[in-house]
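Comments concern the structure below.
Every chain is numbered from 1, with letters handed out A, B, ... down the list of sequences.
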Number of protein chains: 2
Amino acid sequence: MAGPSVTSRALALLGAFDSDHRSLSLSDLARRANIPLATAHRLVGELHRWGALARSADGSYVIGRRIWQLGLLAPEQTGLRQAASPFMHDLYGATLATVHLAVRDGLQVLYVERLAGHVSVPVVSRVGSRLPMHATGVGKVLLAHAPDDVLAAALQNLTRVTAYTVTQPARLLDQLRRVRAEGYATTGEEMSLGACSVAVPVRAGADVVASLGIVVPDLRRQLPRLVSALRVAAQGIGRTMSGVAAAPPGVPG
Amino acid sequence: MAGPSVTSRALALLGAFDSDHRSLSLSDLARRANIPLATAHRLVGELHRWGALARSADGSYVIGRRIWQLGLLAPEQTGLRQAASPFMHDLYGATLATVHLAVRDGLQVLYVERLAGHVSVPVVSRVGSRLPMHATGVGKVLLAHAPDDVLAAALQNLTRVTAYTVTQPARLLDQLRRVRAEGYATTGEEMSLGACSVAVPVRAGADVVASLGIVVPDLRRQLPRLVSALRVAAQGIGRTMSGVAAAPPGVPG
DNA sequence: CGAACCCTTCCGTTCAGTGGAAGACCAGTA
DNA sequence: TACTGGTCTTCCACTGAACGGAAGGGTTCG
């Protein structure tokens with residue numbers, strides 16, 4: 001029995017939306033956010049009036065324009081995407097593989113951008129979605145460069161996704177040591193069968209701010225070529241990011 | 001002396017961010033949202049804990065990941081963008097002009113997607129930003145198909161942007177009648193000098209759900225060709241949109 | 001016709017949010 | 001060193017705004 005603050009309840013309502021629940025009725029919202037219907041009614045009304053929520057044709061609620069607009073102002077995401085976009089296109093051109101850009105979000109990887117080819121390996125990522133770190137290439141890179149407490153916490157919960165997922169802490173630690181030493185991480189069908197991946201860190205200055213990765217059906221033979229292509233792109237992104245900080249707030253084109 | 005609800009205050013804090021203020025200190029936030037510092041401190045703390053706000057390197061606040069993620073769930077925007085993306089690329093290929101996709105948001109146009117060439121006409125639009133309806137091509141289209149009360153309200157405030165902006169209600173009404181009749185709208189340096197535009201409605205079923213437009217330095221001679229290219233793209237988008245409704249929620253690639 | 005869903009409104013109680021005040025922590029300036 | 005102007009943070013007694021049970025209206029079922 002907690003003492004729920006008004007704000008946290010409003011946020012809980014927004015948090016009720018996810019990629020599997022883009023549209024929710026008032027009752028759904030109340031249920032998912034654990035809020036009495038009458039209270040939810042009022043809060044949802046306020047959110048709707050402000051534009052955080054919109055009503056779809058059938059009367060149910062969806063995320064509104066205002067939130068979408070705000071989201072575009074998020075510098076970590078939007079800035080990163082803009083800086084990375086051209087390099088990711090180059091990388092796609094060079095490899096014809098699905099290209100991923102991700103950052104660490106707590107104990108998970110958050111996909112910031114994704115470039116998928118027409119004929120692509122089965123990949124479960126989506127822009128804005130999160131996946132466990134230990135089962136993805138970009139995740140291993142980010143974990144390898146994460147603070148100790150994050151690493152410790154992540155090791156507690158190495159959930160199995162496929163038969164090849166690394167679930168032994170010792171084995172993962174060993175891999176992560178290698179990632180730091182070699183400068184890239186790989187996976188082999190650890191997240192979804194038929195999909196292998198390579199990823200490298202994106203550095204702005206000394207910090208690892210993101211990870212760039214590609215997904216291919218098999219990487220045995222071409223690994224060196226892929227790693228070097230990834231490195232070129234990642235360096236380009238990093239350089240752009242560092243430059244962006246000093247650039248003017250945005251000259252209208 | 002209003003009775004400010006907690007929620008509205010939290011929203012006011014979020015609303016303090018815009019494209020010119022992507023990063024705000026606590027005091028800035030309190031000032032801009034008209035909230036006592038101590039109260040703002042607590043609310044901002046909650047928003048930060050939830051992930052709606054993040055702290056940038058210098059300690060100031062920026063829009064956080066959580067909001068960015070939520071924004072991606074907004075179906076009106078994300079759905080529209082996805083449906084439109086390929087057609088906008090085609091249109092860009094055919095015209096080599098800056099391509100715009102916009103919806104009506106209250107009395108303004110909200111730019112949902114934008115495709116700019118390397119060498120482009122000076123254009124002030126940005127994805128997620130809003131502009132007055134009467135001075136843009138997409139705006140005129142949306143205004144021409146807006147409900148009467150919106151039209152009436154919009155006519156009240158025809159602000160002048162350039163020397164060519166249409167500021168006389170009667171003249172604008174006349175143009176809008178033509179837009180409805182001809183099926184396209186044009187502007188000539190009404191928003192920014194050196195930029196002309198053509199725009200057509202995007203229809204899903206009977207409703208005008210958006211407007212597709214292009215910006216060029218001069219459209220005298222090539223107008224018919226541009227209009228027909230726009231119509232092809234707009235029809236494609238409309239068809240995709242109508243189809244999307246019946247499609248499965250999203251098969252992971 | 002009742003049952004089971006939705007959504008909306010009302011209103012007396014109460015406890016969470018409020019915000020003034022005090023103070024810590026920086027700069028800069030004298 | 002002390003002063004000034006700007007941040008940010010914490011505390012706590014008061015009070016009025018948020019709360020939510022209950023009641024009512026509108027559906028769509030069988």
Atom pair distance, as rounded to whole Å: [atom1] in [X] and [atom2] in [N]:
| X | N | atom1 | atom2 | value |
| --- | --- | --- | --- | --- |
| A:L43 | C:dC7 | CG | C1' | 16 Å |
| B:L24 | D:dC8 | CG | C1' | 15 Å |
| A:L37 | D:dA18 | CG | C1' | 16 Å |
| B:D58 | D:dT7 | CG | C1' | 13 Å |
| A:L26 | C:dT8 | CG | P | 7 Å |
| B:R49 | D:dT9 | CZ | P | 12 Å |
| A:D28 | C:dC5 | CG | P | 13 Å |
| A:R9 | C:dC15 | CZ | P | 14 Å |

Ranking C:dC6, D:dC19, C:dG17 by distance to the side chain of A:T39, first place goes to D:dC19
Nearest 0.5 Å, what's the [atom1]-[atom2] distance between [X] and [Y]?
| X | Y | atom1 | atom2 | answer |
| --- | --- | --- | --- | --- |
| A:S211 | A:R104 | OG | CZ | 12.5 Å |
| B:T240 | B:F87 | OG1 | CZ | 3.5 Å |
| B:R130 | A:R65 | CZ | CZ | 9.5 Å |
| B:E113 | B:Q82 | CD | CD | 10.5 Å |
| A:W68 | B:L72 | CH2 | CG | 10.5 Å |
| B:L70 | A:F17 | CG | CZ | 8.5 Å |

Check whether any side-chain nitrogen or oxygen of [X] sits under 4.0 Å from OP1 or OP2 of [N], and answer yes or no.
| X | N | answer |
| --- | --- | --- |
| A:R42 | D:dA18 | no |
| A:H41 | C:dT8 | yes |
| B:R31 | D:dT7 | yes |

Judged by nearest nucleotide, the residue sitting upstream toward the 5' end of DNA chain C, A:T7 or A:A38, is A:A38
Overall bend of the helix from C:dC7-D:dG24 to C:dA30-D:dT1 (five pairs an end, 10° steps) is 40°
| said: Apply side chain to side chain contact (heavy atoms under 4.5 Å, CB included) to residues A:T136 and A:H100 and explain how you reach the verdict. | reply: CA-CA 11 Å; A:T136 63; A:H100 282 154; over 6 Å; no
